[in-house]
Amino acid sequence: MPCSSLTTGDNNKDDSSLRKFKLNESTFLASLMPKQEIAADRFLHAHPEYDGRGALIAIFDSGVDPAADGLQVTSDGKPKVLDVIDCTGSGDIDTSKVVKADADGHICGASGASLAINTSWKNPSGEWHVGYKLVYELFTEDVISRLKKERKKKWDEKNQEEIARAVKQLADFDQQHIEVEDVKFKTAREDLQNRLDILRSQSESYDDKGPVIDAVVWHDGGVWRVALDTQSLEDDPNCGKLANFIPLTNYRIERKYGFFSKLDACTFVVNVFSDGNILSIVTDCSAHATHVAGIATAFHPKEPLLNGVAPGAQIISCKIGDSRLGSMETGTGLIRALIAAVEHKCDLINMSYGEGTLLPDYGRFVDLVNEVVNKYRLIFVSSAGNSGPGLSTVGAPGGTSSSIIGVGAYVSPAMAAGAHCVIEPPSEGLEYTWSSRGPTADGDLGVCVSAPGGAVAPVPTWTLQRRMLMNGTSMASPSACGGTALLISAMKAEGIPVSPYSVRKALENTAIPIGDLPEDKLSTGQGLMQVDKAFEYIQKCQNVPCVWYQIKIQQSGKTNPSSRGIYLREASACRQSTEWTVQVNPKFHEDADNFKDLVPFEECIELHSTEETETVVKAADYLLLTHNGRTFNVVVDPSNLSDGLHYFEVYGVDCKAPWRGPLFRIPITITKPKAITNQPPQISFSKMLFEPGHIERRYIEVPHGASWAEVTMKTSGFDTARRFFVDALQLCPLRRPLKWETSVTFPSPASKSFAFKVVSGQTLELVISQFWSSGIGSHETASVDFEVVFHGIKVNQEEVILDGSDAPVRIDAETLLVSEELAPVAILNKIRVPYRPIDSRIMALSTDRDKLPSGKQILALTLTYKIKLEDGAQIKPHIPLLNDRIYDTKFESQFYMISDSNKRVYTSGDVYPSSSKLPKGEYILQLYLRHDNVQILEKMRHLVLFIERNLEEKDIIQLRFFSQPDGPLMGNGSFKSSSLVPGIKEGLYLGPPPKEKLPKNSPQGSVLLGAISYGKLSFAGQGENKNPKKHPASYQISYLVPPNKIDEEKRKSSSLSSKKNVSERLKEEVRDAKIKVLASLKQETNEECLEWKELSAVLKSEYPKYTPLLATILESLVSRSNVKDKIRHDEEVVGAANEVINSIDREELAKFFALKNDPEEEEAENIRKKMELTRDQLADALYQKGLALAEIESLKLADLTWCILSKDGDKSPTLGASDGTKEDKDSKKSTDNRGQADLFEENFKELKKWVDVKSTKYGILLVTRERRAKRLGTALKVLCDIIQDDAELAKKKFYELKISLLDEIGWTHLATYERQWMHVRFPPSLPLF
């Protein structure tokens, strides 16, 4: 529909034509996969064999499912999908670990599972590469949700069985023991109750992290082979075994794929890199790519109306959406995809991805795309974006890059009726409301052509359906790409050289205009592409040189960077005439011949303007163009134009072949704003009439001094609900468009108010649009009244920086428009802590997938940062140099992972970091940067990174304002609010935060961040004015954390140490140094153990009964690894513990803690600390002694059991004769065990006197005690409490103990659950980038 105002007469027209629109079955099916709109059906009818055969398309997207319906073969029986690649690395598995099979043909998988090898598998080397993956990392959220639901259901069934059994056991016990006064019965009942409580609590805390799959890679003498063990996904224990897996190899070799299980129905393929050391399991991260591939190329022999546009074309799938980030593209994915497209000699690339950008036609990816298009002749088609209907909303790279064909989204009446099932479709086709519009910030058109932006197309098998409806420019791009594949198929068949330059020119010059107004091109490009007409054009031009006409425009008298169009947007530029120098440079492909192509090139160009009166746009009449280019001038005079949007073109036509159409175009966009002269500064737009899809644009010169606008939207005159988009957009240099948008639905006529930030003096585009399908079926037109009121408080510094001193910051405020209430509010609610890397490594990546087409090898820089959190917090990495730019950056890629010392990864991200909740502890952040220039990476070795943390609600600092400079210090002169009158400034002071309110753990160099606002909204709700972030015109405020004050404790300790004489201090220093050396000695070899033993004996004789020395000896013994004789070692631990215990006067210690001490006396405080240290050493000795006693008992019992079992297996007739001896031994052993048990109990009771045995530090001994007593429920309960209360990093030994207790009880479902979690908490290594 036209983007102009509707008249009243238009609204009363006869709608009978709409109601007559009907679909039959064939037209309905055809509307689901639209081809008629771009004349693909007519073209295929005329040329049935030019259906994409011979064309190869690279799909840069979220990953194509090769098992999807319609993506198996082409129309001529060839394989449809030639390769499937995960370019992001999200499916990579480290398979560098190599194992050998044992005598039984088993290997130990990376997960620890024993895996049987199929004896028929060929492996000449006998080496098996192993790795594993948490399978949920390969699935989409939809699949994970479905699996979790099913797995939880089965887990609950097992858990309920155990709960029922536990309830029965408890009931039986209560029936047998009516009175349980006896301690033994009490503890037994408590144990049963604890079992029941644990089962119930586990059901509530159940969090399924998914099963683990083992992967095995080997070389069969010809190719690398892969097998997966997926038993953990199956209910049947005989399913999913490694030995039953049909081995796969790299997809492009055999084009085979697999499924993980019937439940997930998820397709995967495999690729092996780096000589078997990296396995890539490729799954899609959304249904998007398969849908896109289906639109472009699907082939349904039994349902031809549902075929894609080019059913004969083949594809390769290049997954650029990273599963770790949902489906966000990464720089690594984009570059590897380009490498793959060139390697496979693709003809086309379709990329239905994109982001906003602050610089058009700029960046590392764009540079490489230019090379791919110009040197290797690939045709790159991409979506323009879904951020419309405001102008200059086209996204990168599709709408902003000269080498890429950017596609807008069109909807036809048939699509509306069929695919979208609207009641009454529009009478003519139109651009979808949300389709992004041009021009780019540098004036280029932005959208090249339009194509159908919706379809019902194939989707992956995991969706459990064959196809679904999606719409977006993501769908328009493959429609255009499929149409282009038809052209390539025809060109190859007829021997016409394929060039992206000639194909693009054909598409643009044969497109059908959409809409009647010149400015409609900003929405639709040159119009709706037409395949048949484009091919006729190509046939006619096959002997014309393949040239791209590069346009560079410079405003006369200015040295600004060149642009690709003329874009007059601001008021000052629209009030005067300007002259522009246009440079036209013919660009040939890199393989062009100097003598055959460059020297002979000469064209006589006739210049035309779409502005026929030549009062606005003036240009020369003719231009003689040669290979070295030529310039001409254009004069633009918008001074006499009316307010609003105007669009013109200057274009060049070949004088000798005018049928070629425009060879190049210079887009000229003028948005002449309306100035506001009335007071108060407001503007109204009354009785704007809307039908479905109608768009109204208004351009306003924001008054100087305005910082926000308040808008009231009033609707009337309609019956059914209406949905509107309201967009406000301004352009600022080197920034992404400042855009505010909302979608608002009016169930009935009503009024609504909004407020948004504005930039003073800049042109504001205000766009009101009725959604294209909203109100269809109604015969009434909506009327909208729109009122905009501007407000503003101008200050001398919008973004305030407090330098960390005690001085306040002076702020001068004034209003230039109308009286405003000055009511400043400022808060600090975030903190950024800077970090520098503790390690940096540069390495060359593998040639398998990280070597550019130019031959350059990509390098990677890995920076390691150490982060410490004193408390759990929501954190977000912040890298000012790199964040928020993926296309408009010269850096190739960035990726980070945050892990703990157990190698558990908590979060990862790239250009758009997200906040993650992390518990207290120390973490490692690894930042991974890639580039082919080592000098650039070298400069980044010391890159500063910030960790941003949100302050808790109680820690948010509300800053105070003062009317006096000494206000913060004196505590008076508080400033609350005042009335500002135009022309009169008012001063106030912003005080720094009180030092006592600074958040703890805010080291010097940290930055506290927050927001500051100065005015009040007229319609703000109660309390909204207290939070500056809720005000549209809020600004950032920063506070630099100063150096910390000197620690008083350090002063005290230094003064105490100075009281001792030099001789005493020297002896203590020597003694402590010797103990420190002892503690540092390794005990890995026999020689090292002997050295340690000798030194410890010497020190014990030198410092007898010195508790810290004995505690160090005990600690060294406990930490010793690779112990062969465990019983002997435990006995040594018991002996060392006894020495520590005996060195302490426990009576004196008990008396001290029984007395009250005055902590304010320095000497008393010093004694208290010493006694607490001694108590801790005593408790540690008792604790380690108890553990050692328990282990001795357990090991001796195990030896006895083994002896008994061995004798039971002996068939000797003399066995009966030795029975008496066996009973004697058993009796003696039982006595020994009772004695050991008594020692354990005595030791435990002693420990209980001094510490809380349920605490994290000592609780394991309580667990051991309960386990010895066969009270496994109580033991497990204590252990669970310890784990829950432990604020430190997860300890592997705790969870291993938990699993062993679960196994001993017989709760296999809980043990399995915990084993799966072990792979999350304690992975053997960090994942690959």
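- Salt-bridge annotation for Glu137 and Lys133: present, with a side-chain N of the basic residue lying under 4.0 Å from a carboxylate O of the acidic one.
- Side-chain polar atoms of Asn271 and Trp224 form no donor-acceptor pair below 3.5 angstrom.
- Side-chain atoms of Asp208 and Tyr136 include a donor-acceptor pair closer than 3.5 Å.
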Legend entry - Verdict with supporting geometry, Ile316 and Val84, side chain to side chain contact (heavy atoms under 4.5 Å, CB included): CA-CA 6 Å; Ile316 67 166; Val84 180; over 6 Å; no
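- Thr88 and Ser90 form a side-chain donor-acceptor contact under 3.5 Å, judged by distance and modelled atom types alone.
- Arg1315 has a carboxylate O that lies under 4.0 Å from a charged side-chain N of Asp1303, or vice versa, which qualifies the two as a salt bridge.
- Checked for salt-bridge contact, Glu1087 and Lys1082 miss the test: no charged N lies under 4.0 Å from a carboxylate O.
- With hydrogens and angles left out, the side-chain atoms of Ser125 and Asn123 include a donor and acceptor closer than 3.5 Å.
- Side-chain atoms of Asp86 and Ser280 include no donor-acceptor pair closer than 3.5 Å.
- Of the candidates Ser914, Ser916, Ser899, Thr907 forms a side-chain hydrogen bond (donor to acceptor under 3.5 Å, both in side chains) with just one, namely Ser916.
- Using bins of under 30°, 30° to 60° and over 60° for the plane-to-plane angle, the ring pair Trp155/Tyr1313 lands in the tilted bin.
- Under the 4.5 Å side-chain criterion, counting only non-hydrogen atoms from C-beta, Asn250 is in contact with Val272.
- To the nearest 0.5 Å, atoms NZ (Lys122) and CG (Asp220) are separated by 7.5 Å.
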Legend entry - Residue pair Tyr906, Asp900: steps toward the side-chain hydrogen bond (donor to acceptor under 3.5 Å, both in side chains) verdict: CA-CA 8 Å; Tyr906 283 81; Asp900 60 21; 3.2 Å; yes
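- Salt bridge Asp1130/Arg1128: absent, no basic N to carboxylate O contact under 4.0 Å.
- Between Ile339 and Leu852, some side-chain heavy-atom pair lies under the 4.5 Å cut-off.
- Side-chain contact between Ile320 and Thr330 is absent, with no heavy atoms from C-beta onward closer than 4.5 Å.
- Under 3.5 Å, the side chains of Ser120 and Asn118 contain a donor-acceptor pair of N or O atoms.
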Inset, instruction - I would like to know whether Leu325 and Phe895 meet side chain to side chain contact (heavy atoms under 4.5 Å, CB included); could you show each step before the answer? - result: CA-CA 10 Å; Leu325 309 176; Phe895 200 90; 4.0 Å; yes
Inset, instruction - Show your reasoning for whether salt bridge (Lys or Arg N to Asp or Glu O under 4.0 Å) applies to Glu343 and Arg336. - result: CA-CA 10 Å; Glu343 181 190 343; Arg336 283 178 174 170; over 6 Å; no
Legend entry - Residues Tyr1295, Phe1322; criterion ring-ring contact (aromatic ring centres under 6.0 Å, His included); working and verdict: CA-CA 10 Å; Tyr1295 291 93; Phe1322 310 103; 5.8 Å; yes
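- For the pair Phe260/Phe139, a side-chain contact is recorded, criterion being any heavy-atom separation below 4.5 Å from C-beta on.
- Within a 6.0 Å sphere centred on NZ of Lys152, heavy atoms belonging to other residues, nucleotides or ligands number more than 12.
- Ring geometry, Phe1329 versus Tyr928: the interplanar angle falls under 30°, so the pair is classed parallel (tilted spans 30 to 60°).
- Under the 4.0 Å criterion applied to side-chain N and carboxylate O atoms, Glu141 and Arg146 are not assigned as salt-bridge partners.
- The residues Glu127 and Lys97 are annotated as not salt-bridged, no charged nitrogen and carboxylate oxygen being separated by less than 4.0 angstrom.
- Both cation-pi conditions hold for Arg849 and Phe273: the charged atom is under 6.0 angstrom from the six-membered ring centre and inside a 45 degree cone around its axis.
- The shortest side-chain heavy-atom distance between Lys1298 and Leu1301 does not fall under the 4.5 Å cut-off.
- Listed here is the closest heavy atom pair of Val217 and Thr95: CG2-CG2, 4.1 Å.
- Contact check on Asp850 versus Arg930 returns a salt bridge, with a Lys/Arg side-chain nitrogen under 4.0 Å from an Asp/Glu carboxylate oxygen.
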Legend entry - Audit row: Leu1302, Glu1314, side chain to side chain contact (heavy atoms under 4.5 Å, CB included) steps and yes/no: CA-CA 9 Å; Leu1302 292 170; Glu1314 287 296 335; 3.7 Å; yes
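- Not counting sequence neighbours, His931 has no partner by the ring pair (Phe, Tyr, Trp, His ring centres under 6.0 Å) test.
- By the 6.0 Å contact criterion, CD on Gln72 is enclosed, its count of non-hydrogen atoms from other residues, nucleotides or ligands being greater than 12.
- In plain terms, the two heavy atoms of Tyr251 and Pro66 that are nearest each other are OH-CB, 3.7 Å.
- Annotation: side chain of His344 is not in contact with side chain of Gln314 (no heavy-atom distance under 4.5 Å).
- Here the closest heavy-atom approach between residue Ile117 and residue Ala243 is recorded as C-CB, 4.4 Å.
- Scanning both residues, Ser274 and Asp848, for their nearest heavy atoms gives N-OD2, 2.6 Å.
- When each of Asp284, Thr290, Asp65 is tested with Trp462 by the rule side-chain hydrogen bond (donor to acceptor under 3.5 Å, both in side chains), just one qualifies, namely Asp284.
- Figure legend: Arg1120 and Trp1092 shown as a cation-pi pair, the cationic atom lying under 6.0 angstrom from the six-membered ring centre and within 45 degrees of its axis.
- Counted within 6.0 Å of NZ on Lys851, heavy atoms from surrounding residues, nucleotides or ligands total 12 or fewer; the atom is thus considered open.
- Under the 30°/60° scheme for interplanar angles, the aromatic rings of Trp121 and Trp218 are found to lie parallel.
- Annotation for Val64 and Ser317: closest pair N-OG, 2.9 Å, computed over non-hydrogen atoms.
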Inset, instruction - For the pair Val282 and Ile85, evaluate side chain to side chain contact (heavy atoms under 4.5 Å, CB included) and give the outcome as yes or no after the intermediate values. - result: CA-CA 7 Å; Val282 191; Ile85 312 160; 6.0 Å; no
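- Counting only heavy atoms from C-beta outward, the side chains of Tyr923 and Ile875 never approach each other to under 4.5 Å.
- Here the straight-line distance linking atom OG of Ser145 with atom CG of Asp142 works out to 7.0 Å at 0.5 Å rounding.
- Nearest heavy-atom pair, Phe60 versus Leu338, reported as atom, atom and distance to 0.1 Å: CZ-N, 3.7 Å.
- Using a 3.5 Å distance cut-off with no hydrogens or angles, the side chains of Ser327 and Ser62 do not pair a donor with an acceptor.
- By the 4.5 Å heavy-atom criterion applied to side chains, Arg225 and Leu248 are not counted as neighbours.
- Distance check: Asp229 CG to Glu234 CD gives 10.0 Å after rounding to the nearest 0.5 Å.
- Every residue two or more places apart in sequence or in another chain was checked for a side chain to side chain donor-acceptor pair (under 3.5 Å) with Ser1116, and none qualifies.
- Every residue two or more places apart in sequence or in another chain that forms a side chain to side chain contact (heavy atoms under 4.5 Å, CB included) with Ile838 is listed here: Thr864, Lys866.
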